[in-house]
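The block underneath contains the structure these notes are about, expressed in C-alpha cells.
In what follows, every chain begins at residue 1, and chains take the letters A, B, ... in the order their sequences are listed.
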Amino acid sequence: MTVVTRFAPSPSGNLHVGGARTALYCWAFARGRDGRLVLRIEDTDRKRSSDAASLGFMTDLDWLGIDWDEGPVQGERGGGSHGPYFQSERLPIYTEHLERLVAEGKAYHAFDTPEELDAKRKAARQAKEAYRYDRAALELSAEEVEARLAAGEPSVIRFRTPDAAITIVDEVLGEATLPAGEVDDFVIRKADGYPTYHFAVVIDDAMMEVSHVLRAQEHFNNTAKHMVLQDALGLPRPVYGHLSLIFNPDGSKMSKRDKDKVLRAAVKERSIEDAPNDSNGEPLVAADVWSTWRGDKSVQLDLDTLEQVAAALDVSLPEINVADFRRSGYLPEVLCNFLALNGWSAGDDLEKFDNAFLAERFDLDRVQKTPAKFDRDKLLAFNLDAIQGMSPETFHGLARAHAAEFRPEFIERLDESQFRTLCDASLERSKTLDEPFSVNRFLVAADDEIDWVVTKPVRKAMFKGEPTGLELLAKVRPVLEGLSGFDAASIETAITGFVEEHAEGNLGRIAQPLRVAVSGGPISPPIFDTLAILGQRAVLARIDRCLEVLSESSPAG
RNA sequence: GGCCCCAUCGUCUAGCGGCUAGGACACCAGGUUCUCAACCUGGUAACGGGAGUUCGAUUCUCCCUGGGGUCACCA
C-alpha cells in the first residue's frame with residue numbers, strides 16, 4: 001500500500017509554527033516511505049477563507065523545504081489526479097454523499113435556529129453538563145420536513161450518530177474509548193450548503209487515498225465523529241496519529257493573539273494614550289478601534305496594523321508564524337530541525353539533523369505525547385551554530401539576501417566592501433541573519449542623528465582615566481584623518497601605533513572612546529571593522545560632534 | 001463541569017524491571033577578550049504523591065494531584 005499523508009490547513013491565517021511542524025511530520029513520514037504528500041485547502045468556512053492566505057501557506061512551506069506531490073498548483077508543483085484540492089470546489093462531491101445519507105435515514109434535516117441552540121448550550125453549561133443535541137428535529141414528520149424545506153426555511157443536515165461506544169485507535173496516543181452518547185448528532189452540512197469540516201475531511205481523505213492522517217491533538221476527539229461517518233458511508237479508515245500542541249514557555253497556547261498581548265502590554269507600560277501616526281501624520285489605528293483594543297483583551301488588530309504599530313513604537317513582537325521567523329533571520333533548515341525536535345527525537349543523543357535525516361528516521365512510535373513548550377533560546381542557539389558553521393561566502397550571500405528584503409537601508413548605505421566587512425565581522429557573533437543589522441543600526445543613521453546618552457559605560461569610556469577617553473579621542477582624530485586608505489587593516493596599523501605611544505599598548509583605552517563616538521553607545525562590532533564600515537568621512541564627522549557635545553556635558557560627568 | 005488523553009532536570013528530550021538516570025538549551029563559576037557577543041573549561045539541576053505487582057521499580061497496575069484536549073452551522 002502506498003503511504004499517503006496530507007497537510008490540510010484552513011486558509012484563515014498565516015502558517016503557524018504548530019502547523020509547520022504538522023506539515024513537516026506529514027512530509028517526513030511520506031518521504032521516508034516512498035509515499036506522497038497531499039496538500040489540501042480546507043476552505044469550507046466562507047467567512048474565513050481568502051486566496052491570499054492559502055498562497056502564503058504555500059510560500060512558507062516552500063521556504064521550509066516541504067514539497068508536496070499533489071495539491072494546488074504553485075510554480076511547478078501541485079496538481080494531481082485527486083483534485084480539486086480546494087474543498088470549496090468539491091461541493092458536488094459532498095452533496096452526492098450527503099443526499100445518500102439522508103435517503104438512507106442516516107442523516108436528517110434540522111431547523112433549529114442558532115439562537116435556540118445557543119440557549120440550550122448555555123443552559124447545559126450552567127447545569128455543568130456537556131451539551132448534546134437533543135434530536136428535536138427527529139420528532140418532525142416527513143411531511144413537515146418536506147414542507148419546511150419547500151418553503152425555503154434554513155436548515156442543516158445532522159448525522160444520526162449510532163448509540164454505541166467508539167474506540168479510537170491512534171498510533172501516537174494509543175487507544176481510547178468514548179462511551180456511547182458522547183458523540184451527538186453533529187451537523188454535517190451547514191445552512192449555506194457547505195459541508196462541515198468533519199464531513200469534508202472524511203470524504204476527501206478517502207477519495208484522495210490518504211493512508212495516514214497526522215494532525216493536531218485538538219482533533220483527537222473529532223476522530224470518533226470521523227469514524228462513525230466512515231462506517232455510515234462505507235469508506236476506508238486511515239491510520240491516525242495525533243500530535244501534541246506547541247506552547248509558550250508560560251504554558252499558554254502559542255497563538256497569534258500573543259502579538260496583541262505583547263503590544264498591549266508595552267502600550268500600557270509606557271502609558272501610551274493615542275495610536276502612533278503613520279508617515280502622513282495620520283493615526284495608524286482609528287481612535288475608537290484603538291481604545292477598545294487597548295481595553296479589551298479579546299479584541300485583535302489585524303496583522304499588518306499590529307506590525308505597523310509595533311514598528312512605530314519599536315516594540316518587537318514574538319515570532320509565531322513561519323514568516324515571522326524568516327523575517328527575524330532564522331534559517332529554514334534550523335527551524336525545521338528545531339520544530340522536529342519539539343515532539344520527536346531520533347532516539348539517541350543526536351539533535352542536529354536535516355530534513356533528509358528526518359525523512360529517513362521519522363516514525364510515529366517516537367512521537368511525544370506531551371505538549372512541548374517552545375524554547376526560543378534553544379532555537380536561537382541552534383541558529384547561531386548553523387551560522388557559525390557557514391563559510392564567510394555563504395553567510396555573506398544569505399545576509400545580503402536578507403538585507404535586500406528586510407533591511408534595504410544597509411544595502412543603500414554600505415558599499416560592496418563595507419557590507420562584506422560587516423558580514424565578516426558578524427559571522428561568529430550573529431544568532432540570526434538579521435542581527436548584523438538590528439544591533440548595528442547606528443551604521444545607517446545620519447551622522448548628526450547620533451546622540452550620546454551618558455550611561456555608566458559611556459561615562460567610563462569618555463570621562464575616566466588620565467588622560468580621559470575624550471582627550472584620547474581628540475588626539476587620535478588627526479591620525480585617522482591622515483589615513484589615505486580606510487580599510488580595517490590600515491586603521492588597525494595606525495591605531496595600534498597610536499596606542500603604543502599614548503595608551504601603554506592598551507587598545508581598550510582608545511577603542512571604547514572611538515566606539516562611543518561613532519555609535520553613540522558602548523556596543524559595536526570590532527572597532528577597526530566598525531570604522532571601516534562607516535568610512536572616513538562619517539567617522540571624522542561623528543568624532544567632531546561627539547567631542548563638541550560631550551565636552552559640554554563633561555563637568556557633570 | 002462531562003468525556004478523553006498525558007506526566008523524567010527550568011525547557012526540549014534519552015530511558016522501554018537492575019543505569020553513578022544520559023544529551024542539548026538555559027543557568028552558575030572560572031578562563032579568553034578593544035565593547036557586546038562568540039569561544040574554552042568546569043558545575044548546579046529531574047523521575048509529582050500514595051498504594052500495590054516484583055528479589056528489585058523512573059519503567060507494570062490502581063488511586064490522588066497536576067497539565068492538556070474536546071463539548072460550534074471553526075477547522
key: 5' priority, RNA chain B, between A/Lys225 and A/Thr44 [closest heavy atom]   = A/Lys225

message = Base, sugar-phosphate or nothing for A/Pro525? Non-hydrogen atoms, less than 4.0 Å.
response = base

query = According to the interplanar angle, ranging from 0 to 90°, do the rings of A/His242 and A/Phe220 count as parallel (below 30°), tilted (30 to 60°) or perpendicular (above 60°)?
reply = perpendicular

query = What does A/Glu351 touch in the nucleic acid at a heavy-atom separation under 4.0 angstrom: a base, only the sugar-phosphate, or nothing?
reply = base

ask   = When all nucleic acid strands are considered with a 4.0 Å heavy-atom cut-off, which category describes A/Tyr194: base, sugar-phosphate, or nothing?
value = nothing

key: Nucleotide paired to B/U53 in any strand shown, Watson-Crick or G-U, under 3.5 Å   = none

ask   = If you check the A/Gln512 side chain, which of B/C4, B/A75, B/C34 turns out closest?
value = B/C34

remark   = Rounded to whole Å, CG of A/Asp250 lies from P of B/G67 at a distance of 13 Å

Would you tabulate the nitrogen or oxygen pairs shorter than 3.5 Å linking the protein to nucleotides 42-44 of chain B?
none

query = Are A/Lys190 and B/C73 close enough that a side-chain N or O sits under 4.0 Å from OP1 or OP2?
reply = no

Out of B/G2, B/A75, B/A26, whichever nucleotide has its closest atom nearest the side chain of A/Ala130 = B/G2

message = Closest approach to the side chain of A/Ser10, judged atom by atom: which nucleotide of B/C3, B/G2, B/A75 is it?
response = B/A75

inquiry  = Salt bridge or not between A/Asp185 and A/Arg135? Use side-chain N to carboxylate O under 4.0 Å.
reply    = yes

key: Ring centers of A/Tyr197, A/His226 separated by less than 6.0 Å   = yes

Separation of the P atoms in B/C28 and B/C34, to the nearest angstrom = 24 Å

message = Under 4.0 Å, counting only non-hydrogen atoms across every strand here, what does A/His198 touch: a base, just sugar-phosphate, or nothing?
response = base

ask   = Which part of the nucleic acid, if any, lies within reach of A/Glu175 when heavy atoms closer than 4.0 Å are counted: base, sugar-phosphate only, or nothing?
value = sugar-phosphate

P spacing across the pair B/G2 / B/C16, given as an integer number of angstrom = 37 Å

Proximal nucleotide (of B/C3, B/A75, B/G2) relative to the A/His219 side chain = B/A75

task = Answer with base, sugar-phosphate or nothing: what part of the nucleic acid does A/Phe186 contact at a heavy-atom distance below 4.0 Å?
result = nothing

ask   = Of all the choices, B/C6, B/C12, B/C39, which nucleotide is nearest to the side chain of A/Thr370 once you look at every atom?
value = B/C6

query = B/U13 C1' sits how many Å from A/Phe353 CZ, rounded?
reply = 11 Å

key: A/Glu428 vs A/Arg509, nearer the 5' end of RNA chain B by closest nucleotide   = A/Arg509

query = Between B/G50 and B/A37, how far is it from one C1' atom to the other, in whole Å?
reply = 50 Å

message = Heavy atoms only, 4.0 Å cut-off, all strands: where does A/Arg121 land among base, sugar-phosphate and nothing?
response = sugar-phosphate

inquiry  = What contact category does A/Glu42 fall into here, base, sugar-phosphate, or nothing, at under 4.0 angstrom with non-hydrogen atoms?
reply    = sugar-phosphate

Residue A/Asn221, side-chain atoms from C-beta onward, closest of B/C73, B/C12, B/U70 = B/U70

ask   = Across the strands shown, which category fits A/Ile168 at heavy-atom distances under 4.0 angstrom: base, sugar-phosphate, nothing?
value = nothing

query = When you compare B/A75 with B/U70, how far apart are their C1' atoms, in angstrom units rounded to a whole number?
reply = 13 Å

key: A/Arg121/A/Asp118 salt bridge by N-O under 4.0 Å criterion   = yes

inquiry  = Work out how far the P atom of B/C5 is from that of B/C63, and round it to whole angstrom.
reply    = 11 Å

message = Could you tell me if A/Ser391 and A/Thr394 have a donor-acceptor pair between their side chains, going purely by distance under 3.5 Å?
response = yes

ask   = At under 4.0 Å between heavy atoms, what does A/Gly521 touch on the DNA or RNA strands: base, sugar-phosphate, or nothing?
value = nothing

inquiry  = Between the base of B/A24 and the side chain of A/Lys378, is there a donor and acceptor pair under 3.5 angstrom?
reply    = yes

Salt-bridge contact A/Arg429-A/Glu435 (side-chain N to carboxylate O under 4.0 Å) = no

message = Parallel, tilted or perpendicular: which one describes the rings of A/Phe186 and A/Phe159, with boundaries at 30° and 60°?
response = tilted

request  = Quote, to the nearest angstrom, the C1' distance that separates B/G49 from B/U41.
outcome  = 39 Å

query = Heavy atoms under 4.0 Å, any strand shown: does A/Ile527 hit a base, just sugar-phosphate, or nothing?
reply = base

ask   = Is A/Lys369 near enough to B/A7 that one of its side-chain N or O atoms lies under 4.0 angstrom from OP1 or OP2?
value = no

message = Whole angstroms only, please: what is the CH2-P distance between A/Trp344 and B/C12?
response = 18 Å

note = A/Glu182 atom CD is separated from B/C5 atom P, nearest whole Å, by 11 Å

inquiry  = Using a heavy-atom cut-off of 4.0 Å across all strands, would you classify A/Pro522 as base, sugar-phosphate, or nothing?
reply    = base

ask   = Which whole-number value in Å describes the distance from A/Asp377 CG to B/G10 C1'?
value = 11 Å

query = When you measure from the side chain of A/Gln388, which nucleotide among B/A38, B/A75, B/G2 comes out closest?
reply = B/A38

key: Cationic N near anionic O, under 4.0 Å, A/Arg441 to A/Asp314   = yes

inquiry  = Checking base pairs now: Watson-Crick or wobble, both atom distances under 3.5 Å. What partners B/U70?
reply    = B/G2

Donor-acceptor pair (no angle test) under 3.5 Å: A/Gln217 side chain, B/G68 base = no

ask   = Is a donor-acceptor contact shorter than 3.5 angstrom present between the side chain of A/Arg515 and the base of B/C34?
value = yes

query = The side chain of A/Pro371 lies closest to which of these nucleotides: B/C39, B/G68, B/U70?
reply = B/G68

inquiry  = Once hydrogens and angles are ignored, does a donor-acceptor distance under 3.5 Å link the base of B/U13 to the side chain of A/Arg366?
reply    = no

ask   = For A/Arg158, which contact category applies under a 4.0 Å heavy-atom criterion: base, sugar-phosphate, or nothing?
value = sugar-phosphate

request  = Can you tell me, in whole Å, how much space there is between the P of B/U59 and that of B/A24?
outcome  = 26 Å

query = OP1 or OP2 of B/C73 sitting under 4.0 Å from any side-chain N/O of A/Thr196?
reply = no

inquiry  = What's A/Leu379 touching, base or sugar-phosphate or nothing? Going by heavy atoms closer than 4.0 Å.
reply    = nothing

request  = Using distance alone, with no hydrogens and no angle criterion, decide if A/Ser244 and A/Gln217 have a side-chain donor and acceptor under 3.5 Å apart.
outcome  = no

query = Going by an N to O cut-off under 4.0 Å, is there a salt bridge joining A/Lys225 and A/Asp184?
reply = no

ask   = With respect to the side chain of A/Pro526, which nucleotide from B/C34, B/A37, B/A75 is positioned closest?
value = B/C34

message = Which nucleotide wins on minimum distance to the side chain of A/Asn342, given the candidates B/A14, B/C12, B/A72?
response = B/C12

query = How close or far is atom P of B/A37 from atom CD1 of A/Ile387, stated in whole angstroms?
reply = 17 Å

query = Does NZ in A/Lys190 sit with more than 12 non-hydrogen atoms of other residues, nucleotides or ligands closer than 6.0 Å?
reply = yes

inquiry  = Using atom C1' in both nucleotides, what's the gap between B/G10 and B/G48 to the nearest angstrom?
reply    = 15 Å

key: Interatomic distance, A/Ile203 CD1 vs B/A75 P [rounded to whole Å]   = 15 Å

message = Are A/Phe374 and A/Phe325, when compared by the centres of their aromatic rings, separated by less than 6.0 Å?
response = yes

